[in-house]
Amino acid sequence: MNESIGTIQTAALAQIAAAACERALEDARVAVLGKKGTLTLAGAAIKDVPPAEKAAFGQSLNAARTAITAALTEKQLALREAADRAALAGIDSTLPARALPVGSLHPLTLIRDQAIGILRRMGFALADGPEIEDEFHCFDALNTPADHPARNEKDTFYFESGKLLRTHTSSVQIRTMETQPPPVRIIAPGSAYRRDEIDATHLSAFNQLEGLAVGPDISLPDLKGTLEYFLRELFGTKTEVRFRPHFFPFTEPSFEIDVKLTVKGQAPRWIEVAGCGMVDPAVFDAVNRSRKDNAYDPDKVTGFAFGMGLDRLAMIRWGIKDIRLLIENDTRFLRQFA
Ligand code: PHE
């Protein structure tokens, strides 16, 4: 009996040694240790072994199983190592790694950060306000009468609650003055929403940058100087800027500012980038009523305000001819800002 176990072990170890792949190794394992494997069957014969020899038989059986199992494990490791080496054989590990695509800031982010940088150097601090606004902060306090077209449902996104998506960042003017006494010098970049027809220069969700300066001696030349300086810092000293008289309910006098847009292959055209003006005393009155004090006494303080279209500024800065490029996220467009 013991001799036959020795024979089985020798044959199994030889088959294991000869296995050239994991499949062949598995065949060798089944042939000896499987349900009908040679060692399994030999083991089943223990019942026929005379009692005196049973212990010795069992020992040699276990020894054979241990040796075969160890050989199987060792051979499996060797085969895997060989397979790994073969897989790596065709690879030149000295080649440089494949470059990962590099992301970049969106042009709107770039222009917003540049604008903020210039205005902060001029002494403006960042302010903020909600995009879902109430009529008081978006219209009433800004001296906008109930029948003003901007308040029309055709032009403004209203919620059933009566709240609305702010149509401009000017609401932050009110929110700032409500919480902070003069002097004030703030800028508020953010989104604004209008039910506009979308075309090459209009989006229904767009980006503005509001500015407000209020103090004892702020005049129209301060407004003009600030904005001209700002636009030339942003676009270069040769930038052509024009102020056109306009009307806004919350400023008096009011202006629109145009900058000349030059796109290669197109005739230059003026593009409106901002509205601005001197804060209307009616706005100070509304703020005082809301604050329940007279901190913004129209006889003691004056101020200027402006609201710029950041999307338009980006168009001028880089000669972008269609505003929709800014929201389509076409990487062929965005890559150019990397
Ligand atoms: N809120 C105005 C607009 O969106 C711009 C503006 C801001 C005008 C501040 C005057 C003063 O068109």
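Computed over heavy atoms, backbone and side chain alike; hydrogens, waters and symmetry mates excluded. Position 1 is the first residue of the sequence, and the numbers go up from there. First listed ligand is number 1; within each ligand, the first listed atom is number 1.
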Can you list, pair by pair, the side-chain donor-acceptor contacts under 3.5 Å of residues 268-285, counting residues two or more places apart and other chains?
unit_1: Asp280; atom_1: OD1; unit_2: Ala282; atom_2: N; d: 2.9

Checklist entry - So, do His168 and Phe250 have ring centers that fall under 6.0 Å from each other? => result yes
Any protein N/O atoms within less than 3.5 Å of an N/O atom in ligand 1? List the atom names and distances, or say none.
unit_1: ligand 1; atom_1: 1 (N); unit_2: His168; atom_2: ND1; d: 3.0
unit_1: ligand 1; atom_1: 1 (N); unit_2: Ser170; atom_2: OG; d: 2.9
unit_1: ligand 1; atom_1: 4 (O); unit_2: Arg194; atom_2: NH2; d: 2.8
unit_1: ligand 1; atom_1: 4 (O); unit_2: Gln208; atom_2: NE2; d: 3.0

Using 4.0 Å as the upper bound for N to carboxylate O, is an ion pair formed by [Y] and [X]?
| X | Y | value |
| --- | --- | --- |
| Asp330 | Arg332 | yes |
| Lys260 | Glu240 | yes |
| Arg242 | Glu228 | no |

Next on the checklist: Taking the six-membered ring of Tyr158 as reference, does the cationic atom of Lys163 (NZ for Lys, CZ for Arg) lie under 6.0 Å from its centre and within 45° of its axis?
Outcome noted: no
